[in-house]
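As the structure is a computational prediction, the values presented were derived from the model and not from experiment.
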Amino acid sequence: MDAPLLRQVVLDCTDARKLAEFYRELLNLTYRPGDEPPPEGEPDEQGQDWLVLRNPSGPPHVAFQQVDELPRPTWPDGQHPQMLHLDLSVPTAEELLAHHERALSLGAELLYDRFQDPEEPLRVYADPAGHPFCVFVAPPEG
């Protein structure tokens, strides 16, 4: 018997469309058919409930579930620790520098900077909803 397939990671958020747009841009993902933003001026029914972004290379995908309230994580300390974070990698330090500027321009907040670490350069960010995510240098798997 095969193990279950990790299909997607789901992030709770109070603005599903805004967070989906952040990750769509950051990770070059595409909406599941039917989840795309509506034409300007029309109501965003899907954005009020559940959105899925697909990875062109296959699972895992990223989904966004609308909730009424969500305390912002206070990583690394505080009353509301992270319950989950995403690990993203790039193959070189130069790409980490480029993605740093890109993440900030899309609305990420830098939480921790370990770029100078000779063994594993990394930076930890908060997405616009406060979910922490890491971008670190690692060779491609394979």
What's the shortest heavy-atom distance between Asp35 and Val52, and which atoms? OD2-N, 2.8 Å
Pairwise distance CG(Asp12) to CG(Asp68) - rounded to 0.5 angstrom: 11.0 Å
Where do Leu111 and Pro132 come nearest, in terms of heavy atoms and distance? CD1-CB, 4.5 Å
Heavy-atom distance under 4.5 Å between the side chains of Leu110 and Arg123, does that happen here? yes
Residue from Phe136, Tyr125, Phe115 passing ring pair (Phe, Tyr, Trp, His ring centres under 6.0 Å) with His100: Tyr125
Hydrophobic cluster identity match, Leu104 and Leu27, side-chain contacts under 4.5 Å: yes
Taking the side chain from Glu36 and the backbone from Gly34, do they hold a donor-acceptor pair closer than 3.5 Å? yes
Rounded to the nearest 0.5 Å, how far does CD of Glu119 lie from CZ of Arg114? 8.5 Å
Any Pro71 side-chain heavy atom under 4.5 Å of Gln79 side chain: no
Of all heavy-atom pairs linking Val137 and Pro91, the shortest is CG1-O, 3.7 Å
Would you find a donor on one side and an acceptor on the other, under 3.5 Å apart, between the side chain of Arg54 and the backbone of His61? no
Validation row: Leu51, Gln46 side chains within 4.5 angstrom (heavy atoms): yes
Checking Arg17 against Tyr31: charged group under 6.0 Å from the ring centre and within 45 degrees of the axis? yes
Check the angle between the aromatic planes of Phe133 and Tyr23 and answer parallel, tilted or perpendicular using the 30° and 60° thresholds. perpendicular
Should the heavy atoms of other residues, nucleotides or ligands under 6.0 Å from CZ of Arg72 be counted, would the total exceed 12? yes
Has Gln66 got a side-chain atom pairing as donor or acceptor with Trp50's backbone, closer than 3.5 angstrom? no
Do you know which two heavy atoms are closest between Gln48 and Asp44, and how far apart they sit? CG-O, 3.3 Å
Hydrophobic clusters here meaning ILVMFWY residues chained together by side-chain heavy-atom distances under 4.5 Å, can you tell me if Val9 and Val135 are in one? yes
Hey, does the side chain of His99 reach the backbone of Ser89 with a donor-acceptor pair shorter than 3.5 angstrom? no
Evaluate the side-chain proximity of Gln8 to Asn55: yes if any heavy-atom separation is below 4.5 Å, no if none is. no
Looking only at heavy atoms, which two atoms of Leu11 and Val62 are closest? And how far apart? CD1-CG1, 4.5 Å
Is there a side-chain contact between Leu53 and Phe64, using heavy atoms and a 4.5 Å cut-off? yes
Charged N to carboxylate O under 4.0 angstrom, Glu21 versus Arg24? yes
Kindly compute the distance separating CG (Asp49) from CD (Gln65), expressed to the nearest 0.5 Å. 7.5 Å
Quick one: does Leu26's side chain get under 4.5 Å of Asp127's, heavy atoms only? no
In the structure I gave you, are the side-chain heavy atoms of Leu6 and Pro59 within less than 4.5 Å of one another anywhere? no
Quick check on the hydrophobic clustering: are Leu106 and Leu96 connected, directly or via other members, by side-chain heavy-atom contacts under 4.5 Å? yes
Considering non-hydrogen atoms only, spot the tightest contact between Cys13 and Leu19 and give its length. CB-CD2, 3.7 Å
